[in-house]
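I'd like to ask you about the structure that follows.
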Amino acid sequence: MSTVLLNKINDVKNTVKEWRKEGHTIALVPTMGALHSGHASLIKKAKEISDKVVVSVFVNPIQFGPNEDYDKYPRTLEADKKLCDELGADVVFAPNAKEMYGEKKLSDTELTFVCPPYNIVDCLCGKSRPGHFDGVATVVLKLFNIVTPNYACFGLKDAQQLFILKNMVNDLNVNVEIIPCPIVREQDGLAISSRNTYLSADERKNALTISKALKEIQRLYEQGITSADVLFDSAIAVLSKELDLEYLEFRDYDTFEKVNKVSKNTLAAIAAKSGKTRLIDNIIL
Ligand code: PAF
């Protein structure tokens, strides 16, 4: 059966109602489209763990800051639907902003937002993207309420997003199991991202040093080096000087507390701009 494209919330709700009557389990893969092999791995995981798979494709305006790439963000719905077809997803849910948010002004003066705790959003990516995670948490909770999935698959590349959503589900008693999925990389190590399409050849070459720096951290850690400061300096030496580094931090993967001494469950996370393109990547040691 080929993938059905739905644009309306009520159509998704009716489809889900039928599936529930038939006793099916449902997995949701929330995306902003421009699907690539990273998303494909999430869809494959969703297929593995549930009877029905919904892929949402929605470039969510409320998670972009005023000077970010909302207008420029790649929109490739036809190709996205084709990939979902090939992978056997049941539904692509691709609403527009009006369908998701109605006529309201997209600001906290009119719209109800989910606001994750400050100490989690006020660091790493949240520091340079104020309001970003409120927008993410809000749209994801809406998607959970529309699709009512048993499972929702998210990539580990957005480790902070994953942490925030796991907390949201726990704190608000949302009946969804979050499934973290490994980062997918190009052969040379670059973490796959929809934003990689913005990179010129030179910018891509510089961007590649991000995953190289993470590999260096891993290598040194495996040799017994646990000082975050030493690992930081060694990684900086590998990063291209052409990159505009936003952060390189070591945090406990379970609590997101900063660590001075890294250990098995430490997340090493980097955000940097290559040219105008902001990229993130991480490893869990
Ligand atoms: O990770 C993303 O693509 C987005 O932040 C998400 C989770 C689909 C919410 O818009």
Side-chain angles (χ1 to χ4, degrees), residues 6 9 12 27-43 45-46 53-65 68-77 79-81 83-84 89 91-101 106 111 113-116 120-121 124-126 128-147 149 151-169 172 174 176-184 191-198 269 271 277-282:
L6 300 176
I9 291 171
V12 175
L28 172 67
V29 181
T31 82
M32 297 206 298
L35 301 185
H36 48 59
S37 46
H39 297 112
S41 76
L42 303 181
I43 298 170
K45 181 69 187 176
V53 173
V54 177
V55 179
S56 62
V57 172
F58 179 58
V59 185
N60 175 33
I62 65 167
Q63 70 184 74
F64 287 80
E68 293 184 355
D69 57 344
Y70 175 68
D71 291 328
K72 197 176 130 196
Y73 199 85
R75 287 158 172 87
T76 59
L77 186 57
D80 294 347
K81 158 101 169 39
L83 181 68
C84 288
V91 163
V92 167
F93 173 43
N96 62 22
K98 199 167 151 211
E99 181 67 13
M100 283 300 271
Y101 297 116
L106 299 182
L111 201 65
F113 274 77
V114 177
C115 299
I120 311 178
V121 297
L124 301 170
C125 292
S128 68
R129 305 189 74 187
H132 169 68
F133 287 116
D134 295 5
V136 170
T138 302
V139 80
V140 170
L141 186 62
K142 281 170 75 72
L143 290 167
F144 285 175
N145 287 335
I146 294 165
V147 180
Y151 309 102
C153 300
F154 293 91
L156 269 160
K157 187 162 83 69
D158 295 288
Q160 189 177 12
Q161 167 172 283
L162 189 63
F163 182 73
I164 284 168
L165 295 175
K166 280 197 287 195
N167 274 275
M168 177 186 80
V169 160
L172 302 182
V174 186
V176 177
E177 188 179 337
I178 302 270
I179 310 290
C181 300
I183 296 176
V184 179
I192 289 179
S193 158
S194 304
R195 291 189 170 98
N196 289 353
T197 57
Y198 301 155
T277 306
R278 187 177 179 281
L279 300 165
I280 56 172
D281 198 354
N282 68 71

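In this text the structure is predicted, and so the values were computed from the model without any measurement. Counting starts at 1 for both ligands and their atoms, in listed order.
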Exercise. What protein heavy atom sits nearest atom 9 (C) of ligand 1, and how far off is it?
Worked result: Gln63 OE1, 3.3 Å
Exercise. In a check of salt bridge (charged side-chain N to carboxylate O under 4.0 Å, His left out) between Asp69 and each of Arg75, Arg129, Arg195, which one passes?
Worked result: Arg195
For this session: Considering only non-hydrogen protein atoms, determine which one is nearest to atom 2 (C) of ligand 1 and report residue, atom name and distance to 0.1 Å.
Result: Gln161 NE2, 3.9 Å
Exercise. Val139 heavy atoms, cut-off 4.0 Å: which ligand 1 atoms fall inside?
Worked result: 9 (C), 10 (O)
Problem set entry | pair His36-Ser194: side-chain heavy atoms closer than 4.5 Å | yes
Problem set entry | Atoms of ligand 1, numbered as shown, that sit under 4.0 Å from any heavy atom of Thr31 | 8 (C)
Exercise. Considering only protein heavy atoms, which is closest to atom 3 (O) of ligand 1, and at what distance to one decimal place?
Worked result: Met32 CG, 3.7 Å
For this session: Could you tell me which atoms of ligand 1, counted from 1 in the order shown, lie closer than 4.0 angstrom to a heavy atom of Pro30?
Result: 8 (C)
Exercise. Okay, side chain of Lys45, backbone of Cys153: is any donor-acceptor separation there less than 3.5 Å?
Worked result: no
Exercise. Would a distance-only check, ignoring hydrogens and angles, find a side-chain to backbone donor-acceptor pair under 3.5 Å from Asp80 to Met32?
Worked result: no
Exercise. Going by atom types alone, do Asn60 and Tyr73 pair a side-chain donor with an acceptor below 3.5 Å?
Worked result: no
